[in-house]
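Report on the structure given below.
Read the numbers this way: they start at 1 and go in the same order the structure lists the ligands and their atoms. Quick caveat, the model's predicted, so the values are computed rather than measured.
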Amino acid sequence: MSTPCPRVIAIDGPAASGKSTLGSELASRFGYDFLDTGMLYRAVTLAAIEQGVPPDDAACAEFVRHIRIEIRRGNPSRVLVNGVDVSDRLREPQVEEQVSLYSALPSVRAALLPLQREFAAAGRAILAGRDIGTVVLPDAPAKIFLHASTEARAARRSLQANSWGVVQDSAGAARDILRRDSIDSSREVAPLQPAPDAIVIDTTERPFDAVLALALEALGCAAG
Ligand code: DC
């Protein structure tokens with residue numbers, strides 16, 4: 001008899017560690033909705049850039065009070081700003097470059113927290129991000145933290161960037177990733193770190209099937 005999967009799964013890890021690939025695969029096998037929470041930070045960043053709001057906490061505190069961010073549940077879930085689905089614009093270079101600055105602001109994090117908790121409370125949900133297991137859902141029944149070397153992540157990010165139509169070699173991707181890691185890990189609010197009860201999986205040398213098998217074992221649910 002197969003064990004049922006936990007109702008909510010938190011997946012954290014640095015950029016390009018494989019969170020979305022794993023989250024999306026688990027979601028499609030077991031019927032979860034999947035939210036890549038980085039999209040929420042990217043959506044605020046895009047809107048702020050377009051409105052000329054700088055990455056300053058006081059300015060953003062005012063700004064986030066006047067925009068409406070919504071999540072359309074699914075796998076993957078989509079993100080709307082003031083009723084407009086911006087999901088396909090969130091990898092634009094201007095967003096990529098600035099998102100770590102906006103996502104480090106306490107006002108932005110506070111505004112996005114309830115949305116993530118509501119998403120988790122409203123049904124079977126997998127959320128991927130940086131602080132899901134530590135801050136957003138510290139009581140989540142299942143937490144996975146993915147690690148991978150900078151080189152491996154840079155090689156993946158460069159391939160992903162090409163598929164998004166952005167030309168970026170591994171060296172450029174490595175520079176971006178190191179810069180983002182440093183901001184994400186050193187910020188004062190919700191820095192990137194594994195929850196004490198997270199299962200840590202290193203994806204550097206593991207093919208995706210092996211990562212999935214470890215995750216399924218950790219979650220205690222049988223393969224679908
Ligand atoms: O995962 P990503 O590259 O789309 O994340 C974009 C930015 O948002 C990145 O700088 C980290 C930040 N982020 C965060 O601070 N907390 C989350 N739960 C998800 C993303």
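- For atom 20 (C) of ligand 1, the closest non-hydrogen atom of the protein is G38 CA, 3.6 Å.
- Side-chain polar atoms of S24 and N75 form a donor-acceptor pair below 3.5 angstrom.
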Determine, stepwise, if the pair R42 / Y102 fulfils side-chain hydrogen bond (donor to acceptor under 3.5 Å, both in side chains). CA-CA 9 Å; R42 288 171 179 271; Y102 286 94; over 6 Å; no
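- Using a 4.0 Å cut-off between charged side-chain N and carboxylate O, E96 and R157 make a salt bridge.
- Grouping the Ile, Leu, Val, Met, Phe, Trp and Tyr side chains by contacts below 4.5 angstrom, directly or via other members, places Y32 apart from F119.
- A salt bridge links D197 with K143; the closest basic N to acidic carboxylate O contact falls under 4.0 Å.
- Atom 7 (C) of ligand 1 has its closest protein heavy atom at V99 CG2, 3.6 Å.
- Using a 4.0 Å cut-off between charged nitrogen and carboxylate oxygen, E50 and R89 count as a salt-bridge pair.
- Close N/O approach between R42 and ligand 1 is found [any backbone or side-chain N/O within under 3.5 Å].
- Any N or O atom pair closer than 3.5 Å counts here, and S100 shares at least one such pair with ligand 1.
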Output, in order, the C-alpha distance, side-chain angles, deciding distance and verdict of side-chain hydrogen bond (donor to acceptor under 3.5 Å, both in side chains) for S77 and D33. CA-CA 7 Å; S77 298; D33 291 322; 5.6 Å; no
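- By the 3.5 Å distance cut-off applied to N or O atoms, Q116 is not counted among the residues near ligand 1.
- With respect to D36, the salt bridge (Lys or Arg N to Asp or Glu O under 4.0 Å) criterion is satisfied by exactly one of R91, K19, R78: R91.
- The protein heavy atom nearest to atom 19 (C) of ligand 1 is T37 OG1, 3.4 Å.
- Proximity of M39 to ligand 1, defined as any heavy-atom pair under 4.0 Å, is not found for any part of the residue.
- Atom 1 (O) of ligand 1 has as its closest protein heavy atom R130 NH1, 2.8 Å.
- Atom 12 (C) of ligand 1 has S103 OG, 3.5 Å as its closest protein atom, hydrogens excluded (heavy atom only).
- Of the protein's non-hydrogen atoms, R180 NH2, 2.5 Å is the one closest to atom 3 (O) of ligand 1.
- Atom numbering of ligand 1 starts at 1 in the shown order; those under 4.0 Å from a heavy atom of D131 are 16 (N), 17 (C), 18 (N).
- Taking atom 16 (N) of ligand 1 as the reference point, the nearest protein heavy-atom neighbour is R109 NH2, 3.1 Å.
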